[in-house]
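What follows is a short report on a single structure.
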2 protein chains.
Amino acid sequence: MPNWLQMSTGTQLRRGRPGYDLQGILDVAVTVFNTHGYDATTMDMLAARLKLSKGAIYHHVASKEQLLELALDRALDALEEILEQSQDRGDAASRLAFLLEGAVGVLVRELPSVTLLLRLRGNSDVERTAMDRRRVFDKEVADLIAEAQRDGSIRTDIAPGVAERLLFGMLNSLTEW
Amino acid sequence: MPNWLQMSTGTQLRRGRPGYDLQGILDVAVTVFNTHGYDATTMDMLAARLKLSKGAIYHHVASKEQLLELALDRALDALEEILEQSQDRGDAASRLAFLLEGAVGVLVRELPSVTLLLRLRGNSDVERTAMDRRRVFDKEVADLIAEAQRDGSIRTDIAPGVAERLLFGMLNSLTEW
DNA sequence: GTCTATATTGAGATAGAC
DNA sequence: GTCTATCTCAATATAGAC
């Protein structure tokens with residue numbers, strides 16, 4: 001079977017008549033956004049990479065910006081789901097441990113879209129909305145760390161903000177590799 | 001003296017008739033590039049920020065891309081000068097110490113243009129040329145570290161590439177703050 | 001050195017046939 | 001679901017007066 005392109009998970013389609021679904025388009029878009037940056041990416045680049053005409057892409061998405069929005073939602077949904085699941089996991093230290101482990105898992109599975117999220121500059125409503133969601137997430141994690149510190153379940157000789165920076169600085173630095 | 005704008009170092013000019021020199025234009029451009037990213041920055045933004053017409057900017061530079069080029073040259077010139085000065089500073093450990101101290105100094109003085117340098121994606125000849133110069137610099141630092149390790153003047157229980165990553169990861173992380 | 005036009009073009013998006 | 005062709009507009013850059 002030489003004539004097949006890898007589409008989104010579990011899907012395969014004939015080359016030359018790609019027949020992409022949204023996931024397949026999105027996967028490629030996220031990759032190219034990460035390589036060249038969102039602004040420097042043109043629809044022509046995406047079309048070339050997909051071996052599709054530019055026009056065909058618009059059958060799947062309304063705009064270039066929507067591709068960004070979908071990618072950012074993917075990352076944020078995954079992070080927020082971990083946070084959600086951590087809620088009913090006992091004391092603060094247990095919830096924090098679950099959350100950090102989960103966040104690493106998200107990073108492994110969704111590194112490209114998480115990287116996009118971390119590089120936002122707030123140049124549009126879509127970017128600013130995603131940044132807001134990220135800030136809420138960051139805040140809840142900070143609160144959880146503070147709570148665990150009050151518990152005495154993690155060391156308190158580090159200022160709260162510093163502990164958060166260290167933890168997420170570590171995680172975020174993974175995206176540079 | 002209410003009616004003055006801060007221009008490049010040591011220069012002041014009347015508001016309304018800005019009379020910028022290249023340095024003043026460049027300082028503002030680098031700031032805006034860092035805020036919104038190079039691609040998302042428009043000449044209209046720069047003009048608004050400078051309180052100048054778009055056309056006037058082209059009296060000082062040939063293109064938007066030249067502004068980027070000048071900024072990157074500024075960062076690279078500063079880094080390379082430190083490397084140059086370190087050459088005749090004795091043994092590898094001394095040269096390395098001088099270089100690291102100097103690199104921190106460059107970061108303090110030229111943080112905005114260094115930040116631009118660290119964020120390049122190689123989307124144009126200008127970007128790729130700057131990335132090449134940076135790679136040469138990185139390589140020379142790596143060699144110096146390797147030499148200091150052979151000397152026995154710094155610990156060798158860390159793999160060479162890792163030591164470099166740690167050192168420059170630390171420095172580069174300063175740009176995130 | 002700055003201004004107000006205006007020219008140009010690159011890239012996002014649409015229309016309609018297949 | 002994809003294609004070709006075209007529309008539209010924003011953004012870079014230029015021209016020429018002050």
Side-chain angles (χ1 to χ4, degrees), chain A residues 3-8 11-29 32-33 35-71 121 123-127, chain B residues 3-8 11-29 32-33 35-71 121 123-127:
Chain A
N3 226 10
W4 302 91
L5 260 181
Q6 192 64 41
M7 301 285 102
S8 61
T11 316
Q12 287 183 333
L13 286 164
R14 190 185 284 285
R15 197 191 292 273
R17 275 276 173 79
Y20 283 99
D21 62 359
L22 178 56
Q23 278 307 311
I25 305 267
L26 187 54
D27 287 342
V28 169
V32 181
F33 287 166
T35 306
H36 301 284
Y38 172 74
D39 290 303
T41 300
T42 68
M43 296 302 275
D44 279 323
M45 282 183 198
L46 295 183
R49 178 71 179 262
L50 289 160
K51 295 186 197 299
L52 261 189
S53 73
K54 208 170 21 169
I57 299 177
Y58 286 93
H59 177 78
H60 301 277
V61 290
S63 65
K64 175 185 164 185
E65 192 171 36
Q66 192 179 45
L67 283 169
L68 179 63
E69 189 173 22
L70 290 168
R121 317 298 294 277
N123 288 327
S124 66
D125 280 345
V126 165
E127 295 195 7
Chain B
N3 225 12
W4 301 91
L5 261 181
Q6 193 64 40
M7 303 283 101
S8 61
T11 314
Q12 287 184 333
L13 286 163
R14 192 184 283 284
R15 198 191 293 273
R17 276 276 174 80
Y20 282 100
D21 63 359
L22 178 56
Q23 277 307 309
I25 305 267
L26 187 55
D27 287 343
V28 170
V32 182
F33 287 165
T35 306
H36 301 285
Y38 171 76
D39 291 304
T41 300
T42 67
M43 295 303 273
D44 278 325
M45 281 183 197
L46 296 183
R49 178 69 179 265
L50 289 159
K51 296 186 197 297
L52 262 190
S53 75
K54 212 174 10 173
I57 300 178
Y58 286 93
H59 176 78
H60 300 277
V61 291
S63 66
K64 176 184 163 186
E65 194 172 33
Q66 191 179 45
L67 283 169
L68 178 63
E69 190 173 20
L70 289 168
R121 315 301 294 277
N123 287 327
S124 66
D125 279 345
V126 165
E127 296 195 6

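Reminder, nothing fancy here: chain letters follow the sequence lines and each chain counts from 1.
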Item to check | Side chain of B:Met43 - closest among D:dC3, D:dT12, C:dC3 | outcome: D:dT12
Next on the checklist: I'd like to know if the side chain of B:Lys54 and the backbone of B:Ala48 have a donor-acceptor N/O pair within less than 3.5 Å.
Outcome noted: no
Checklist entry - Just how far, in rounded Å, is C1' of C:dC3 from OH of B:Tyr20? => result 15 Å
Checklist entry - Rounding to a whole Å, what distance do you find between B:Lys54:NZ and D:dA15:P? => result 15 Å
Checklist entry - Rounded to whole angstroms, how far apart are CG on A:Asp44 and P on D:dA5? => result 14 Å
Item to check | Expected output: side-chain B:Tyr20 to main-chain B:Leu52 donor-acceptor under 3.5 Å | outcome: no
Next on the checklist: Looking only at the side chain of A:His60 (C-beta and beyond, no hydrogens), which of the listed nucleotides D:dT12, D:dG1, C:dT2 gets closest?
Outcome noted: D:dG1
Checklist entry - Using a cut-off of 4.0 Å on non-hydrogen atoms, how would the nucleic acid contact of B:Thr42 be classed: base, sugar-phosphate, or nothing? => result sugar-phosphate
Item to check | Note, B:Leu46 side chain near B:Ile25 side chain (heavy atom, < 4.5 Å) | outcome: no
Checklist entry - Rounded to whole angstroms, how far apart are CG on A:Leu46 and P on D:dT2? => result 14 Å
Checklist entry - What integer distance in Å separates B:Leu50:CG from C:dT2:P? => result 9 Å
Next on the checklist: Between B:Thr41 and B:Thr35, is there a side-chain heavy-atom distance shorter than 4.5 Å?
Outcome noted: no
Next on the checklist: Nearest whole Å is fine: how far is D:dA11 P from B:Glu65 CD?
Outcome noted: 18 Å
Next on the checklist: Taking only side-chain N and O atoms of B:His59, does any of them lie within less than 4.0 angstrom of OP1 or OP2 on D:dT14?
Outcome noted: no
Next on the checklist: Please pick, from D:dT4, D:dT12, C:dG12, the nucleotide with the shortest atom-to-atom distance to any side-chain atom of A:Lys64.
Outcome noted: C:dG12
Item to check | Between D:dG1 (P) and A:Asp21 (CG): distance, integer Å | outcome: 9 Å
Checklist entry - Judged by atom type as modelled, is there a donor-acceptor pair below 3.5 Å linking the side chain of A:Asn123 to the main-chain atoms of B:His36? => result yes
Next on the checklist: Could you tell me how far apart B:Tyr38 (OH) and D:dA11 (P) are, to the nearest whole angstrom?
Outcome noted: 14 Å
Next on the checklist: Just N and O in the side chain of B:Tyr58: are any of them under 4.0 Å from OP1 or OP2 of D:dA13?
Outcome noted: yes
